[in-house]
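Numbered from 1 within each chain, the chains take letters A, B, ... in sequence-line order.
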Amino acid sequence: MASRYDPQTAEPKWRAAWETGDVYRAKSPDKAGDAPKAYILEMFPYPSGRLHMGHVRNYAMGDVVARYKRAKGFNVLHPMGWDAFGMPAENAAMKNKVHPGEWTYKNIADMRAQFMKLGLSLDWSREFATCDPEYYGAQQEIFLKLFEAGLIYRKASKVNWDPVDQTVLANEQVIDGKGWRSGAPVEQRELTQWFFRITDFAEELIAGLETLERWPEKVRTMQANWIGRSEGLQMRFEWAGSAPEDVSEGIEIFTTRPDTLFGASFIALSPDHPLALQLAEGDQALQAFRTECAKVGTSEEAIEKAEKIGFDTRLTVKHPFQDRDLPVWIANFVLIGYGTGAIFACPAHDQRDLDFARKYQLPVLPVVLPSGEDAGSYEIGKDAFTGSGRLVNSGFLDGKTIDSAKAEAIDRIESLGHGHRTVNYRLRDWGVSRQRYWGCPIPVVHCPECGIVPLPVGELPVRLPEEVSFDVPGNPLERDETWKSCVCPKCGGEATRETDTLDTFVDSSWYYARFASSENLAERAYWLPVDQYVGGVEHAVLHLLYARFIARAMGQVGLMDIASGEPFAGLFTQGMVTHETYKDPDGNWINPSEVNFEGETPVHEKTGAPIKVGPIEKMSKSIRNTVDPDAMIAQYGADVARMFTLSDSPPERDVEWTRAGVDGAARFAQRVWANFDALPAAPTTHAATGDSDLRRTSHKSVATIEQAVDEFRFNSAVATMYEWTNAIKKAAETAAEADRVEACSLFARCLQLFMPHLAEECWSRLGHRSLIVHAAWPKTDPALLEDDLITMPVQVNGKRRSEVQIAKEAAPKDVEALALADPAVSAHIEGKTVKKVIVVPGRIVNIVVT
RNA sequence: GCGGGCGUGGUGAAAUUGGUAAACACAGCAGACUUAAAAUCUGCCGGUCGUAUGGCCUUGCCGGUUCAAUCCCGGCCGUCCGCACCA
C-alpha cells in the first residue's frame with residue numbers, strides 16, 4: 001500500500017535532528033582544515049514581526065547556495081540577524097504605548113520562530129540585533145575611530161527634512177522629492193549635522209565597480225550613475241570694469257564643455273551661491289527673487305514644470321579668450337550642491353541655457369557645427385545642439401573636434417592661470433544624523449569649554465535611556481535632561497550628550513563583518529568578503545553603496561581587512577513575489593484567503609459579494625494581496641512553499657504566487673516520495689554498474705542541476721528535477737534495482753538544496769543512518785554523461801527534414817553520406833543540385849541545394 | 001531628457017548564447033479507476049491545411065549578415081526599472 005508523505009510530521013522531526021546535531025555551525029578557521037570558506041549571506045531582515053513571502057524566496061535562494069557549497073566541501077558561514085533600529089518601533093511606541101525595545105525584541109522572537117519553521121541551514125549561534133548594546137557599542141567604537149581619522153565631520157547645511165518622521169534624510173533616501181519611508185514631501189532645513197566623508201572614496205567606489213564581475217550589470221550602472229563622475233574644467237572668471245571690491249576675486253565655475261567657451265553668453269549663479277547671499281543683503285529685489293526660488297518644490301513634477309527664472313546682478317566678468325564681457329545672472333536652475341554652484345552658459349549647446357537665454361533675450365552663439373551644415377547659415381532654433389561636430393567661431397579652436405577642443409581649451413586656461421582640469425562627482429557626503437530615539441547614539445559630548453569631545457572607548461556603549469516617552473513629537477533624547485547631562489571627558493566640566501542618533505543604514509553597512517566575528521579581526525579577515533550576497537534590488541544604491549564605503553573606511557583605520565576592498569564579491573538581486581489583487585463592490589481590498597473561487601465567478605467567502613480580480617502586484621499589506629507563509633507552511637509544509645518560490649520564474653524576475661502553482665509543487669513532493677516508496681523495504685546496497693538509460697539520465701541530471709545552480713538558474717534546476725522524477729517513475733518497472741537505488745540516491749542529494757526535509761526523509765528511506773546534510777555532492781560518471789550513439793537533425797536549406805542516428809565519433813564524411821541516404825532527405829533533394837553539405841560534429845547537418 | 005533591462009503558446013517559462021523553437025510546469029480537453037466526488041494515472045495540447053504520413057507559417061515589427069538567427073548588426077514599436085535642471 002503506497003504511503004503519502006506528510007510534511008506535518010516529517011518536517012519538525014528533521015528540524016529537531018538538525019538542531020540536535022548542530023549541523024549548520026560554521027567551523028572556526030583553525031578547525032576548517034583544507035576546506036575552503038564560503039560566506040553566504042542574505043540581506044538581514046527588519047523585524048517587523050511577520051514573515052512574508054518575499055522573505056521566503058530571498059532566504060530560500062541563499063539556502064540553496066549555502067547547502068550546495070556545504071555539500072561541495074566548503075566551510076560555510078550562513079548567519080542570521082536583525083536590522084532592528086528604525087522608525088516603525090517608534091511609531092508602534094506612539095500608537096500602543098509600548099517601549100520600542102520591547103516591541104522590537106518581541107517581534108524578533110516571533111519572526112525567529114517563523115524562520116525556524118522554514119528549515120533554513122542557518123548558523124544561529126552568531127545571531128544579533130543591531131539594537132543590542134553590544135552591537136551598537138561596537139558601532140560607536142567604529143564611529144570614534146573614523147572620527148579620529150577625519151572621516152566624520154560636522155557642518156551646518158541645508159538638509160532634507162521629513163516633516164512626518166520629523167527627521168533628516170540622506171540624499172539617497174529622498175525618492176522623487178519624498179521621504180523614502182513616510183512618502184511625505186521633503187522640506188529643506190538648515191541644520192548642523194554629522195557627515196561621513198563618502199566623497200573621499202568616490203574615485204575608489206567608481207573604480208571598484210569594475211572589479212565586481214559577479215554583480216548584476218544593472219546595479220553597477222546604478223551606482224556609477226549615482227556617484228556621477230564627470231571630468232571637466234574648473235576656472236575663474238575675473239571681474240570686468242569696476243569690480244565690487246568687497247566681494248570675491250571672481251567667479252569660480254565648473255564645466256564639462258570648455259570647448260564651448262567661445263559661445264559663452266552669460267554667467268549664472270545658484271540662488272544659494274555665497275555671492276548671491278552677499279548681494280542680497282542690500283537688495284530687496286534680490287531677496288524677493290531668492291524667496292521665489294525657494295518656493296519651488298523638489299519633486300520631479302515641480303522641477304519639470306518650474307519655469308526658469310533669473311535675476312540680473314548688473315555685474316560683468318571678462319571672457320578669458322576674447323575682449324568681451326559677460327553679464328552675471330542669478331538663475332534658479334543652477335544647483336548649489338554641484339560643482340561650484342556657478343556656471344558659464346553656452347545657450348547654443350545646452351538646452352537649459354538656451355531656454356533661459358531666449359526668455360531674457362541673451363545672445364545665442366553657435367560654436368559647434370554639425371557636419372553638413374554651413375557655418376554662414378547655421379542657426380539655433382528651439383533646440384540646443386548637443387551632438388558632435390567641428391568648432392567654429394572659436395578662434396584657436398576652429399576646425400577641431402569637440403574632444404580635442406576640450407583638451408586645448410583646458411590647456412590654454414591652465415597656462416593663463418585661470419583654472420585647472422578637475423573631476424567632479426555627483427555624490428555628496430553622507431549625512432548620518434537622525435533626530436530619533438531608536439537608533440545608535442553618537443558617542444560625543446558637547447562641552448561649553450572644549451566644544452565637541454569624543455567619548456573615550458572605555459565609556460562605551462553609550463546606552464539609550466530606558467525611560468522614554470513619545471507623547472510629544474520630535475526626538476525624546478532631546479527632552480531627556482537626565483540622560484543628556486554628563487561630564488566632559490576632557491575638562492571634567494558639565495557637558496551634554498549628542499542627541500542625534502545614527503542613520504540605520506550605518507547599522508547595516510558593517511553587520512556582515514560582525515557576523516564573521518564579533519571581535520576577532522583575523523577571523524573577520526578569514527571570512528570576508530561575503531562570497532555570495534542575496535537581496536532585493538531596491539538596495540542597489542543605498543545599502544550597497546554605504547557598505548562598500550564603510551568597508552573601505554574601516555579598512556583604513558584597521559578594523560577590516562579585505563584585499564579587494566569590496567565587502568560583497570558576488571551579488572544576486574532577486575525578484576519580488578507578486579499576487580493577483582481583489583476588490584469587493586465597495587472598492588475595499590480583499591485578501592486572497594477571503595475569496596472563494598469555487599463558483600463560476602469569485603465571491604467573498606463570508607458575505608458572498610462578487611469579487612473583482614485586479615492586476616498582479618507585489619505582495620503588500622496596503623493592497624492586502626499577501627499570502628501568509630505560516631498558513632502555507634501549515635497547509636503544505638515549508639519545502640513546498642520554498643520550492644514554489646524557486647520553481648516558476650527565473651530568480652531575478654518576479655514570481656506570481658498562485659494557488660495552482662503551489663498545488664503543483666505539493667504534487668511534485670508526493671511524486672518524489674512515491675518513487676522512493678516504490679523501492680523494496682530494504683533497498684539493495686550493491687552499487688550500480690554498467691550502462692542503462694536510467695543511469696545516463698540520472699548522471700546527466702546531476703550535471704545539469706549542478707551547472708544551473710552554479711549559474712543561479714534555480715528554475716531550470718527545478719525543471720530538471722521534475723523531468724528526472726518522471727524518468728525514475730517510468731523506469732520503475734524496467735530498470736535494475738541497483739540503478740533505481742542509485743537514481744534515488746543521487747536525486748535525494750540534489751533535492752536537498754530545495755526541499756531539505758523531504759530529502760532527509762528520502763535519504764532515510766534508502767537506509768542511511770546519517771543525515772543528508774552531511775552527504776557530499778554526488779560525483780558523476782563521465783562515461784555516462786556522453787552518449788555513444790547520438791541523434792543528429794538533418795536540415796535541407798536550413799529546414800529540419802529528418803534526423804539520423806550515428807556514432808558520436810563518426811567522421812563528418814560518414815555523417816554526410818548517411819544524411820544524404822536518408823529517405824526523408826532524398827525526397828527533398830531529388831532533382832536538385834547539392835551545392836554544399838555542412839556537418840557540425842555532434843550538432844547538426846545542413847544540406848544546401850539549389 | 002540620460003542610463004539599463006525586457007518582448008517566445010491560453011499562462012509562468014526553456015533553448016548547452018549561432019545549430020531540431022516551445023523542455024518542465026500551470027490552465028484546458030479527452031479517457032481510465034470510482035455508485036459518485038476527491039486523489040491518482042494515461043493521452044492530447046503554438047497556428048493552419050489534412051483522416052493521416054506530412055506540408056506551410058510562427059520567438060513584438062521591418063530590414064541585414066549567415067549554409068543556419070529567439071541569439072549577431074541596423075532601424076522602428078511597446079513595456080518595465082533607475083536617475084534626473086548634475087552644467
* Asked: Who does B:G82 pair with, Watson-Crick or G-U, both distances under 3.5 Å?
  -> B:C2
* To do: Please name all residues satisfying salt bridge (Lys or Arg N to Asp or Glu O under 4.0 Å) with A:K832, sequence neighbours left out, ordered by chain then number.
  => none
* Quick one: label A:Y722 by what it contacts on the DNA or RNA (base, sugar-phosphate, nothing), any heavy atom closer than 4.0 Å. => sugar-phosphate
* Asked: Do A:D787 and A:R696 meet the salt-bridge criterion of a basic N to acidic O distance under 4.0 Å?
  -> yes
* To do: Would you please classify the geometry between the A:Y360 ring and the A:F356 ring as parallel, tilted or perpendicular, with 30° and 60° separating the classes?
  => tilted
* **Side-chain donor-acceptor pair present, A:R548, A:Q223, cut-off under 3.5 Å** => yes
* **Flag for A:T199-A:W430: side-chain donor and acceptor within less than 3.5 Å** => no
* Asked: Do A:Y636 side-chain atoms and A:V662 backbone N/O form a donor-acceptor pair below 3.5 Å?
  -> no
* Integer angstrom distance from the C1' of B:U53 to that of B:A38 -> 42 Å
* Asked: How far does the P atom of B:C73 sit from the matching atom of B:G7, given to the nearest Å?
  -> 15 Å
* Asked: Is there a side-chain polar atom (N or O) of A:H349 under 4.0 Å from OP1 or OP2 of B:A87?
  -> no
* P spacing across the pair B:G64 / B:C81, given as an integer number of angstrom -> 35 Å
* To do: Would you classify A:V794 as touching base, sugar-phosphate or nothing, given that sugar-phosphate means primed atoms plus P, OP1 and OP2, and contacts are heavy atoms under 4.0 Å?
  => nothing
* Any strand is fair game: report the nucleotide pairing with B:C41 by Watson-Crick or G-U wobble, both distances under 3.5 Å, or none. => B:G31
* Figure out the CD/C1' separation between A:E652 and B:C81, and round it to whole Å. => 14 Å
* With rounding to whole Å, what would you report as the distance between B:U70 and B:G19 at their C1' atoms? -> 13 Å
* Within the structure, does a side-chain N or O atom of A:Y338 lie under 4.0 Å from either OP1 or OP2 of B:A87? -> yes
* For A:D355 and B:A87, give me the distance from atom CG to atom P, rounded to whole Å. => 16 Å
* To do: Could you list the residues that satisfy salt bridge (Lys or Arg N to Asp or Glu O under 4.0 Å) with A:R236, not counting sequence neighbours?
  => A:E252
* To do: To the nearest Å, give me how far apart CZ (A:R426) and P (B:G82) are.
  => 14 Å
* Check every atom of B:U20, B:A87, B:C85 against the side chain of A:K308 and return the nucleotide holding the closest atom. => B:C85
* **Non-neighbouring partners of A:R801 that pass salt bridge (Lys or Arg N to Asp or Glu O under 4.0 Å), sequence neighbours left out** => none
* **Ion pair check, A:R4 and A:D677, cut-off under 4.0 Å** => no
* Indicate yes or no: does A:R229 engage A:E203 in a salt bridge with an N to O separation below 4.0 Å. => yes
* Distance below 4.0 Å between A:N726 side-chain N/O and B:A25 OP1 or OP2 -> yes
* Distance, C1' atom - from B:C24 to B:A14, rounded to whole angstrom -> 8 Å
* To do: Write down the partner of B:A13 under the Watson-Crick or G-U wobble criteria, each distance required to be under 3.5 Å.
  => none
* With salt bridge (charged side-chain N to carboxylate O under 4.0 Å, His left out) as the test, would you mind laying out the steps for A:R220 and A:E217 before giving the verdict? => CA-CA 5 Å; A:R220 291 193 281 168; A:E217 187 65 40; 3.1 Å; yes
Can you check nucleotides 10-17 of chain B for protein contacts, nitrogen or oxygen pairs under 3.5 Å, and list what you find?
from  : atom 1 : to     : atom 2 : distance (Å)
B:G12 : O2'    : A:D648 : O      : 2.9
B:G12 : O2'    : A:S649 : OG     : 3.0
B:A14 : OP1    : A:N715 : ND2    : 3.0
B:A15 : OP1    : A:R713 : NH2    : 3.2

* N-O pairing of A:K359 and A:E307 below 4.0 Å -> yes
Can you name the atoms? Protein N/O to nucleotides 65-68 of chain B N/O, anything below 3.5 Å, with the distance.
from  : atom 1 : to     : atom 2 : distance (Å)
B:C67 : O2'    : A:N846 : ND2    : 3.1
B:C67 : O2     : A:N846 : ND2    : 2.7

* **Atom pair distance, as rounded to whole Å: CD in A:E538 and P in B:C83** => 12 Å
* To do: Rounded off to whole Å, could you give me the NZ-to-C1' distance for the A:K218 and B:C80 pair?
  => 8 Å
* **Cation-aromatic face contact A:R426/A:W226, 6.0 Å, 45 degrees** => yes
* **Distance between P atoms of B:A13 and B:C6 (Å, rounded)** => 13 Å
* Closer than 4.0 Å, any side-chain N/O of A:R801 to the OP1 or OP2 of B:G55? -> yes
* Rounded distance in Å - CZ (A:R257) to C1' (B:A87) -> 10 Å
* When rounded to the nearest Å, what value does the distance between P atoms of B:A37 and B:G31 take? -> 12 Å
* **A:Y425 or A:T658, whichever maps to the more 5' nucleotide of RNA chain B** => A:T658
* Asked: Is any NZ, NE, NH1 or NH2 atom of the basic residue among A:E733 and A:K730 found under 4.0 Å from an Asp or Glu carboxylate oxygen of the other?
  -> no
* Strand-adjacent residues in residues 223-230 of chain A, judged by heavy atoms under 4.0 Å from RNA chain B -> A:N225, A:W226, A:S230
* Rounded P spacing from B:G75 to B:A87 in Å -> 25 Å
For nucleotides 57-59 of chain B, tabulate all protein N/O to nucleotide N/O atom pairs closer than 3.5 Å, reporting atom names and distance.
from  : atom 1 : to     : atom 2 : distance (Å)
B:C57 : OP2    : A:K799 : NZ     : 3.0

* Full working for ring-ring contact (aromatic ring centres under 6.0 Å, His included) between A:F597 and A:Y582 -> CA-CA 12 Å; A:F597 294 95; A:Y582 308 106; 5.6 Å; yes
Can you list, pair by pair, the side-chain donor-acceptor contacts under 3.5 Å of residues 833-841 of chain A, counting residues two or more places apart and other chains?
none

* Structure fact -> Sequence neighbours excluded, the answer for side-chain hydrogen bond (donor to acceptor under 3.5 Å, both in side chains) partners of A:T645 is none
* Which label fits B:G28, syn or anti, where anti is any glycosidic angle not within 90° of 0? -> anti
Shorter than 3.5 Å, N or O on both sides, protein versus nucleotides 40-48 of chain B: list them out with atom names.
none

* Which residue lies toward the 5' end of RNA chain B, A:I844 or A:G339, if each is placed at its nearest nucleotide? -> A:I844
* To do: Any strand is fair game: report the nucleotide pairing with B:C61 by Watson-Crick or G-U wobble, both distances under 3.5 Å, or none.
  => B:G75
* Asked: Between atom CZ in A:F668 and atom P in B:C24, what is the gap in whole Å?
  -> 14 Å
* **Between A:Q234 and A:T422: side-chain donor-acceptor atoms closer than 3.5 Å** => no
* To do: Name all residues meeting the salt bridge (Lys or Arg N to Asp or Glu O under 4.0 Å) criterion together with A:D429; count only those two or more places apart in sequence or in a different chain, and write none if there are none.
  => none
* Asked: Is any side-chain heavy atom of A:P793 less than 4.5 Å from a side-chain heavy atom of A:V845?
  -> no
* **Beyond-backbone contact of A:F385 with A:P366, side-chain heavy atoms, under 4.5 angstrom** => no
What are the atom names and distances for every N/O pair under 3.5 Å that joins the protein to nucleotides 49-51 of chain B?
none

